[in-house]
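Heavy atoms only: backbone and side chains are in, while hydrogens, waters and symmetry mates are out. Predicted, not measured: the structure shown is a model, and the values here were computed from it. A note on names: the letters A, B, ... follow the listed sequences, proteins ahead of strands, and every chain is numbered from 1.
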Amino acid sequence: MINEKLSKIWYGGDYNPEQWPDEVMEDDIRMLKLADIDVATVNVFSWARIQPNEDTYNFEWLDRIMDRLYKDNIHITLATSTGAHPAWMAKKYPDVTRVDYDGRKRKFGGRHNSCPNSPAYRKYSAILADKIAERYKNHPGLVVWHISNEYGGYCYCDNCAEQFRVWLQARYGSIEQLNKAWYTGFWGHTFYEWDEIVPPNALSEEWGGNRTNFQSISLDYRRFQSDSLLDCYRLEYDAIRKHSSDVQITTNLMGTYPELDYFKWAKHMDVVSWDNYPSIDTPVSFTAMTHSLMRGLKSGQPFMLMEQTPSQQNWQAYNALKRPGVMRLWSYQAVAHGADTVMFFQLRRSIGACEKYHGAVIEHVGHEHTRVFRECAELGHELQQLGDTLLDSRNDAKAAIVFDWENRWAVELSSGPSIALKYVDEVHKYYDALFELNIQTDMISVEESLEKYELVIAPVMYMVKPGFAEKVEQFVARGGTFITTFFSGIVNENDLVTIGGYPGELRKVLGIWAEEIDALLPGQTNQIVVNQARGELGGSYSCSILCDLIHSEGAEVIAQYGSDFYQGMPALTVNKFGEGEAWYVASSPDKALLQSLLSTICKEKGIDPLLAAPTGVEVTRRVKDGKSFTFVLNHNAEAALVQLQDEPSKDLLTGQLVSGEYSLAAKGVLIIEQ
Amino acid sequence: MINEKLSKIWYGGDYNPEQWPDEVMEDDIRMLKLADIDVATVNVFSWARIQPNEDTYNFEWLDRIMDRLYKDNIHITLATSTGAHPAWMAKKYPDVTRVDYDGRKRKFGGRHNSCPNSPAYRKYSAILADKIAERYKNHPGLVVWHISNEYGGYCYCDNCAEQFRVWLQARYGSIEQLNKAWYTGFWGHTFYEWDEIVPPNALSEEWGGNRTNFQSISLDYRRFQSDSLLDCYRLEYDAIRKHSSDVQITTNLMGTYPELDYFKWAKHMDVVSWDNYPSIDTPVSFTAMTHSLMRGLKSGQPFMLMEQTPSQQNWQAYNALKRPGVMRLWSYQAVAHGADTVMFFQLRRSIGACEKYHGAVIEHVGHEHTRVFRECAELGHELQQLGDTLLDSRNDAKAAIVFDWENRWAVELSSGPSIALKYVDEVHKYYDALFELNIQTDMISVEESLEKYELVIAPVMYMVKPGFAEKVEQFVARGGTFITTFFSGIVNENDLVTIGGYPGELRKVLGIWAEEIDALLPGQTNQIVVNQARGELGGSYSCSILCDLIHSEGAEVIAQYGSDFYQGMPALTVNKFGEGEAWYVASSPDKALLQSLLSTICKEKGIDPLLAAPTGVEVTRRVKDGKSFTFVLNHNAEAALVQLQDEPSKDLLTGQLVSGEYSLAAKGVLIIEQ
Amino acid sequence: MINEKLSKIWYGGDYNPEQWPDEVMEDDIRMLKLADIDVATVNVFSWARIQPNEDTYNFEWLDRIMDRLYKDNIHITLATSTGAHPAWMAKKYPDVTRVDYDGRKRKFGGRHNSCPNSPAYRKYSAILADKIAERYKNHPGLVVWHISNEYGGYCYCDNCAEQFRVWLQARYGSIEQLNKAWYTGFWGHTFYEWDEIVPPNALSEEWGGNRTNFQSISLDYRRFQSDSLLDCYRLEYDAIRKHSSDVQITTNLMGTYPELDYFKWAKHMDVVSWDNYPSIDTPVSFTAMTHSLMRGLKSGQPFMLMEQTPSQQNWQAYNALKRPGVMRLWSYQAVAHGADTVMFFQLRRSIGACEKYHGAVIEHVGHEHTRVFRECAELGHELQQLGDTLLDSRNDAKAAIVFDWENRWAVELSSGPSIALKYVDEVHKYYDALFELNIQTDMISVEESLEKYELVIAPVMYMVKPGFAEKVEQFVARGGTFITTFFSGIVNENDLVTIGGYPGELRKVLGIWAEEIDALLPGQTNQIVVNQARGELGGSYSCSILCDLIHSEGAEVIAQYGSDFYQGMPALTVNKFGEGEAWYVASSPDKALLQSLLSTICKEKGIDPLLAAPTGVEVTRRVKDGKSFTFVLNHNAEAALVQLQDEPSKDLLTGQLVSGEYSLAAKGVLIIEQ
């Protein structure tokens, strides 16, 4: 449990009463209580207010806010305010502002503009965290520490350059090792002194954001910047821990955000929290995948939904309103995947600056008689009633998909074979197929133990790190089913090709050799034609993006290419290895193939759908103390018929017994306890 | 009258004989006389020629040109030449070149590259204006002063930063007031010292040109830069006025150019002049609207058409020729909307640099035997014949549309709800509907008196400045009809939301409350379904971009949304208020709705079309000394039948009497005196 | 012959054994010999390896590589390694890195990043060339010198600015002459001192890469940068020649690369070499045109195909594999157009950095049992067998197309009439029409003698340099047929318009006057309607982009425009001039018109197709010592029937006699000796 003080699904969100007169706060609290809101995140962007200059700190206003909230039993998520540095600091210590990708020195403005290797930023952010922790460690309303806000953004300044060299020395030991790892014989890049190395950006090795001349340099710079920002977080973490040992610490993450290796970060977080901002056309299964990924960061431990909007966003191109019922439905989707909190940005709308058209529980009109408030209040009542029933329960998946940020960087930095290849999209294709089958799926790191899974999928596992291939071999040998795809097993962790034939270290377990890789033009397709029918696999499917030209070296050929000069070459193979099987999908297939393939494998492995439900109805399960809680979420705009068990079970939300064929309302939610 | 010396519609344009040998000028003058050209704009870009270094000024060449022109009765629009600084000045005083949006220090090159807060630029441009005024104030050919050229472009240098702070101190008085107006509590932006403030550009608060983190800062920077450039103009204005009290002063504007608040500028101009460069696919009604706007800058006073091309432009992507007759037609369109001059860029084509493929009266071939020259000469003869008949006449409109540059900035800087919302396009939709109905329309500022109008439309009146709502209430109470739309009444002049419910200060007169604002995806539409038929309003119309979800608070609901979850909510309302009515159009409707709505209202108000004419035939009216001059302009490629009054009236151009059903030739023009 | 030591078509490519352990090189050589590879390009990017600091040079490793290769009769193309400077040099001498178009100082990284006017770069690259030449001048394996690599990229630094002024002084003599040539009276650009001039880039006169305010300045900067890079080449050339007088020197060019005036460069090269990288959708005729252009650089002298990929590239967006047979077919296409070498980038694939997914003879798998290797080896055997038969033979064309880099720059820098006009595309339209007719065509400079041609085409000859018009007049007067198009004869070499009527100096030979130029919108077309049928010319054709509105001044009007206000004006004319004819194509016509026109003219002139062959079958001819070698290349995916002569001739590749109707396999090649 995140904090025993609040043993229910937390309900609340970001709150900035310092932007308003006192009487507004009084009215706010009246309304928040109407909605059963019991937690508020405060102090997210108050650095300039707390510290008006280098020597002065003012906390009285924050004391008042925290005391006032807690007086009405609203608990506190207490942020450290270091998400945006003060203007005076940017003036006095120019090193706090970044140098951007184009080599431009930034000035004061916006957010996320602190250089992670700025001496001034590091010093004063740690001091601020220390002071806040010391002052509020025993505040009775405090339930979790929230460091900074949505860390992100890289810097390319001279301080970063210098620290990059230090980081490289620690990683490689000698310049000779670095030259080898970076393959600097190419294009005469040999380095003789550490200070010849400069950050890779638009002035040196890169262009267009993710195009680079030297993949290894660019890869290491991403690792270094992720680590640098993590160091900033850890400085604050340590400062807080010095004073407060019993309250958990988090920082709010951003799902599949590309710049930070969240698996590495999560090791230093007590609880994962994240901000969920799908746009109106984000696939529901993509949001589900992201929740699963956030749950996977700490091996299945429940997480916090730190932010979502009650109605609309402001920073999308077209900010549609959440339709009636959608806010509730998506809130339960988070819980269904492991969230133990439901929190909003924000409780009251600001009236100035760029987020004033971002939705809030209390809108600009300033009263509770709005659609948005009514929906928020109804959900508050439901969560109040649920109490601690679901807290700390776990999702019990038998299938897992491997996700790796370093592999993602390497794939996206690759020059060739195709700019159409997007790692996250390929991963999502597999998640989506299992989602449609209502097979619960974990998203795991390459370091995760595979022992509890029956099925492990590693799409586009381009970079194979030390030990991973062995782990897969052991998993398969023991009876597991492994699936990987084209463009896998190509490079090591320095992005150097494993010579001797693709897919390198995975070649043995897969029983195939990939001789060439063809890239298809946009709109161009090939076919995957099944020649060895198996389960639901049969007939012909479409594929695109890349086609590996493979040879079986023992694997059974299930399907072949249907056209072009490699017609007849294997396109889908399965290799028996010990007690298990290893599949290779040689191209990026259509949805139909993945559903047939995964349905076949799951049936063979006895991984059953949680429930029989039509398309658009999502099903997940959390378990705890011998009980299971099955979530049934109807994302459709119409009611849907779902087939429940014949013996009656309790719907947690209504307390009613339900069984057999059940009509679930449009946007409706069932939570069945068994 | 602009100048009694030339009491007819001026005809001429930009002329640069200094680029040519003397004998060419002699031949030019021969040809200009063939075309009845009587005015030449000279000295627009001659600073480097006049002032070859800091201490030397050469005017003899200009004396010769002016004298030679006037010898043949060609009058002079005399420019001050400060539209482009000399190369030696950029070298010696680097502060004259700008720092651009991306923070890059510019070097010498192009035009419009002088920093408006450059001490050197301000000093030497004022000196130059002073010297020119002193020297030529009594030149017999001089008819108007022309300061600089097409002012525009912002700067972000340190001088501008410093002056911005001075400007802010004058506006806000204290840093506390500034923090409040800018809402700096958001994202920890509190400023403690003025010098912590930096210009908002791609290095600080903005990106992509019009995207910003702090709307209020960006808004004030636009105000400041518009004022800074205006200060440059005023320095020259004052220098000229010191010597010359009887000749009017202007600078050439650019229609709906976004960067300058032309209503504020016009207060410091004796006569408005502007450069009209539609592209081949600019709607005719858009050009008409822009003429009306230029006329509205000084409350209806006639303006100068300072530049247009005789044939083609060079800087568009695809520079089509003006089809035969179009130059004449568009020239009369300017006059029809209030122009008292018809002038070209340029009289003779340059042979080098970027404008050599811009059309001219005298083309590269160098003789008068061209289509372009023939058309120019024919128009010259007509204008000669018109004499002073039309001079100083006024357009007598009963309908007005409110246009406001600060509101435009605020709308376009807004983060959310939709990037599809374009202020000028929304304004044009209403202008176009009246244009199609042949209802003459003024374009007015928010400061203009509404007394003489029956109908006032303020599309997307997002920012409501002090006093505007009261003025609208008085206007409606007295019997006027007011129309406004979705996304109106939201913020005050600092872009801070007026709390208590949209449309804020306009809520009372409109009798509605807008609870939410939905943004539609591109291609997505809703329907506006009339439930209370009125006049031509009936059936169902389409709408898009934004949909306000409104509640009537007394207003009559004329139409409702036709689909989505807000189906049945009001989409078009009208509120009786005193003797008048206030309409609210809750979404961006199709053309059919606006024509039905405005036709209905105009009929009800007795605002009659000037003439019954088919689509593509434009009709306007100027009046003077009890006479009216009705312009009928056929923009179609075919002849059109128009219904004139039965009693014969004189066509000013032919002297013929016309009446009844009249066939107006393709691209033809009638000016009927009554 | 390039070098008597290797009197056959060279076969090999780039090779970097220094990136690998010694045993790999041993295995490589075994495989290279299996493929009959006899030449390796080494030392292309080894500067940092050779010269680890300012004072040290290491060549032992290169000695070993060269000796080892030659031991197995693999000859050496020896590069100077100056294509990428070392990191230590960028640190110690920052002047070696460029300032880019946006004014940003570059840091170490990538390639092509040396400022061509850097004192340090010039000094150390010349020293390196000197040392390499001295050391290896007598190496028995050496067959050609290869300076730097793919020169390209402009710099805008202060050193370049200073040298630009020196270059300008040499070109213009006085600042007055420069002001005249640059037309600086426009926009007040008059320069009084040389140091007021700054390079034209995004900080001064230009934007978007090719948009400029001053065409003459931008044009001269392109000339200057091309010359500056050429100077770098020449410094190395001279350093080599000091030691080595008998081995030819080259640098590898890049076809239609825009930045360098290759005709000027070729004067300083002993043999032209180039790198051929078509993408999967490059028209075959475009590659053919580029080969012809490379051949034309030195008036028909055979050239080297220095680089092509055996299978796929890495830097395209979508890197498709070369289909089976295509590598062989395209290799022979190079030879068919005048190549005496067939060389690859690269012999063995690198395993790191950005080119690791670029194909190679030896792939990552590391053995010879791959499709790619097999195809390479088969071609190696064929070339071995061909011996010296084809060496030094010449293509005997009667038709020529004029191509001029300076004209190209001027066209692309022009502001107006249309951004749709692309010089290279217009040239390609004419080449393609002749290609489809199997008429062999030379690509020639404006300086080339026209004496040996029957037909000369100069598409979009916008800039007419001194003497060119006279040469055309003499060519036509003597009986030649000349064709030019719209937007020709407009400016002189300083981009100043020739006044007196377009097409200026070409007006007399063409017998027409172009009064106006209309620009069509995308998708808009006019028609070219034949009114004087001639040969295959008849009926109506489509045209677009620009339409010149012309008047005949003696020329016969063959076709007229079909619509718009210039319907009936001439669109295609031919003027008898002396013994010959001069055609004017007044717009950019469709493919059908060009085929009809060129087929008609070729028939009339007795320029016969080399062979009757269906679409997709390319035919060229090389001649030598009274023998002719006709290349027949089937680019189709199916076999094609070609009509050979009835008397049997030898197919060089098989030794078989062939005659009459012959079925050429898909992707097949015939070389017929006669």
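C354(B) contributes atom SG, which lies 11.5 Å from atom OH of Y183(C) (distance to the nearest 0.5 angstrom). H189(C) contributes atom NE2, which lies 11.0 Å from atom OG of S216(C) (distance to the nearest 0.5 angstrom).
A donor atom on one side chain and an acceptor atom on the other are found under 3.5 Å apart for Y462(C) and D495(C). For the residue pair N179(C) and T190(C), no side-chain donor N or O sits within less than 3.5 Å of a side-chain acceptor on the partner. Under the 3.5 Å distance criterion, with hydrogens and angles disregarded, a donor-acceptor pair is assigned to the side chains of D548(C) and Y584(C). Side-chain contact check for Q225(C) and Y221(C): at least one donor-acceptor pair (N or O, by modelled atom type) lies under 3.5 Å. No side-chain donor-acceptor contact under 3.5 Å links Y561(C) and Q567(C). Looking only at atom types and distance, the side chain of E426(C) has a donor-acceptor partner in the side chain of S588(C) under 3.5 Å away. With hydrogens and angles left out, the side-chain atoms of E516(C) and S311(B) include no donor and acceptor closer than 3.5 Å. With 3.5 Å as the limit, one finds a donor-acceptor pair spanning the side chains of Y277(B) and E307(B). Residues N314(B) and S415(C) bring a donor and an acceptor atom of their side chains to less than 3.5 Å of each other.
The contact between K105(B) and chain C is made entirely by backbone atoms, counting heavy-atom distances below 4.5 Å. For a residue to count as touching a neighbouring chain, one of its non-hydrogen atoms must lie under 4.5 Å from one of that chain's; by this rule K91(B) touches chain C with the side chain only. Both the backbone and the side chain of E355(B) come within contact range of chain C, with heavy atoms under 4.5 Å apart. Contact of N201(C) with chain B is not made at all, since no heavy-atom distance falls under 4.5 Å. Both the backbone and the side chain of A202(C) come within contact range of chain B, judged by heavy atoms closer than 4.5 Å. Heavy atoms closer than 4.5 Å to chain C are found nowhere in H358(B), neither backbone nor side chain. With a threshold of 4.5 angstrom between heavy atoms, S414(C) approaches chain B through side-chain atoms but not through N, CA, C or O. Heavy-atom distances place no part of W47(B) under 4.5 Å from chain C, backbone and side chain included. If you measure heavy-atom distances from I50(B) to chain C, you find no contacts under 4.5 Å at all. Neither the backbone nor the side chain of W207(C) comes within less than 4.5 Å of any heavy atom in chain B. Only the backbone of T212(C) comes within less than 4.5 Å of a heavy atom in chain B; its side chain stays farther off.
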Side chain to side chain contact (heavy atoms under 4.5 Å, CB included) for E515(C) and I550(C)? Distances and angles first, verdict last.
CA-CA 6 Å; E515(C) 180 181 344; I550(C) 64 175; over 6 Å; no
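Interface summary for chain B: among L520(C), I517(C), I490(C), the most heavy-atom pairs under 4.5 angstrom belong to I517(C). Considering only heavy-atom pairs separated by less than 4.5 Å from chain C, the leading option among R104(B), R111(B), R49(B), H85(B) is R111(B).
Residues of residues 15-28 of chain B lying under 4.5 angstrom from chain C, judged on non-hydrogen atoms, are Q19(B), W20(B) by number. Against chain C, no residue from residues 94-103 of chain B qualifies, as none has a non-hydrogen atom under 4.5 angstrom away. Close approach to chain C, defined as a heavy atom under 4.5 Å from one of its heavy atoms, is seen in Y318(B), N319(B), A320(B), L321(B), R323(B), P324(B) of residues 318-326 of chain B, taken by number.
E236(B) is linked by a side chain to side chain donor-acceptor pair (under 3.5 Å) to T80(B), T82(B), counting only residues two or more places apart in sequence or in another chain.
Among D14(B), N252(B), T41(B), T251(B), the single residue meeting the side chain to side chain donor-acceptor pair (under 3.5 Å) criterion with N149(B) is N252(B).
A donor-acceptor pair under 3.5 Å links the side-chain atoms of S81(B) to the main chain of S46(B), judged by distance alone.
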